[in-house]
There are 2 protein chains.
Amino acid sequence: MNQMKKTNEQVAEMLKSYDIMPTQQRLKIANILCAEPCHMSADQVLSAVNQESTKKVCKATIYNTLGLFAEKGIIREVIVDNSKLFYDSNTSVHHHFYNVDTGKLLDIGEDELSVSGLPVLPEGTVNDGMEVVVRIRNK
Amino acid sequence: MNQMKKTNEQVAEMLKSYDIMPTQQRLKIANILCAEPCHMSADQVLSAVNQESTKKVCKATIYNTLGLFAEKGIIREVIVDNSKLFYDSNTSVHHHFYNVDTGKLLDIGEDELSVSGLPVLPEGTVNDGMEVVVRIRNK
DNA sequence: GTCAGTGCAAACCCTTTGCAGAAAG
DNA sequence: CTTTCTGCAAAGGGTTTGCACTGAC
């Protein structure tokens, strides 16, 4: 997802370009995620979306929408915690710190870490994405 | 966990050396994990342990024991799937393929992949382990 | 005898699903 | 109008917890 702030119309166009019908709920959710690069759990998206709005978006729609966005490639799932899934609005290749104490994700700059030697994939399989996670704790 | 096959006594000694009282249940579980380097979910350990035994070990004990072993450093948790945790009996630094179709984990040889440029940790945090996961799908 | 470990079942949490009503084109 | 989406509530699956019983020293 492009990281610049966008108008509602621009977000709607972006959704259409991904073959997603821009409904009110999806626009709200996309706006939250587009506002700035962010790492959020479904729960965090839920509260953010319903923060200052009278018409609440329900939990099921949040999950369905995040799943849809991830499937279409607008956002990326990040699996670092056994108990919940995170979504990253930055879909370019990059890696993460995961603070196990705070539950916060932080990007690792591309220049800070590089993986060399793409391993030979097992017979009959194709690459579906690589991810480096550096787990950290508070001192 | 050392990967050579061991006698029950050797496994018991190993547990003691990690400050774990070697009960019958813990020995059974440790034997499964020690038999060879493996990646198993709690569910897989449960069925393996109860395969050929009349006295069944219950699910809660499996979870408690795996958690204990991981805490003590005998095995390592591997987080690659949103829906379940895996445990790796090889605790040395290495990385994984995760086949999202089959749910199987495979080691990536140390010589096949190397991460360079240890990133600068955020203020006030300490490293708690790095992990590279290459997600793969069947062709 | 004392204390840790185990088994059982219920509770928990995140996520998914089924279905009726609502909204979009 | 027809089709897709939403909301609600219930179900689902892995994991954790409370508590009485068992077993090891």
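Treat the numbers as computed from the prediction; the structure is a model and nothing was measured. Within every chain, numbering begins at 1; the chains are lettered A, B, ... in the order of the sequence lines, protein sequences first and strands thereafter. When reading the values below, keep in mind they use all heavy atoms of this one structure, side chains included, and skip hydrogens, waters and symmetry mates.
- Taking the side chain of B:Q24 as heavy atoms from C-beta on, and the options D:dA24, C:dA24, C:dT6, the nearest nucleotide is D:dA24.
- Per the geometry, CD belonging to A:E71 stands 15 Å off C1' belonging to D:dC5, to the nearest Å.
- Nearest-nucleotide mapping onto DNA chain D: of A:T23 and B:K59, the residue sitting toward the 5' end is A:T23.
- The listed nucleotides are D:dC5, D:dT15, C:dG7; the one nearest the side chain of B:C58 is C:dG7.
- Under the 30°/60° scheme for interplanar angles, the aromatic rings of A:H39 and A:H94 are found to be tilted.
- If you measure from atom CD of B:Q44 to atom P of D:dG13, you get 16 Å, rounded to the nearest angstrom.
- Toward the 5' end of DNA chain D, the nearer of the two residues A:I62 and B:Y87, judged by each one's closest nucleotide, is A:I62.
- With hydrogens and angles ignored, the 3.5 Å screen pairs no side-chain donor or acceptor of A:T91 with any backbone N or O of A:R76.
- Residue contacts shown for B:K56 are limited to sugar-phosphate atoms, with no base heavy atom under 4.0 Å away.
- If A:M21 and A:A60 are placed on DNA chain C by their nearest nucleotide, the residue sitting closer to the 5' end is A:A60.
- The 12-atom threshold is not exceeded at NZ of B:K104, counting heavy atoms of other residues, nucleotides or ligands nearer than 6.0 Å.
- Across the protein-nucleic acid pair, A:E77 atom CD and C:dC14 atom C1' stand 13 Å apart, rounded to whole Å.
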- Task: Begin from the C-alpha positions of A:D101 and A:R137 and carry the test salt bridge (Lys or Arg N to Asp or Glu O under 4.0 Å) through to its verdict.
- Result: CA-CA 6 Å; A:D101 286 330; A:R137 286 182 291 108; 5.8 Å; no
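- For the pair A:S41 and C:dC14, the criterion of a side-chain N or O lying under 4.0 Å from OP1 or OP2 is not met.
- Straight-line distance from the NZ atom of B:K84 to the P atom of C:dC13: 22 Å, rounded to whole Å.
- The CG atom of B:L27 sits 14 Å away from the C1' atom of C:dT6 (whole-angstrom rounding).
- Rounding to whole angstrom units, CG of residue A:N64 and C1' of C:dC19 are separated by 13 Å.
- Protein atom CD1 of A:I29 is 12 Å distant from nucleotide atom C1' of D:dC5, rounded to whole Å.
- Close to D:dT16, at under 4.0 Å from its OP1 or OP2, lies no side-chain N or O of B:Y63.
- Of the candidate nucleotides C:dA24, D:dT15, D:dT6, D:dT6 has the atom lying nearest to any side-chain atom of A:T61.
- One can place CD1 of A:I20 at 18 Å from C1' of D:dT3, the figure rounded to the nearest angstrom.
- Here A:D43 lies out of heavy-atom contact (under 4.0 Å) with every strand.
- Of the candidates B:L105, B:D107, B:I75, B:D88 forms a side-chain contact (heavy atoms from CB on, under 4.5 Å) with just one, namely B:D107.
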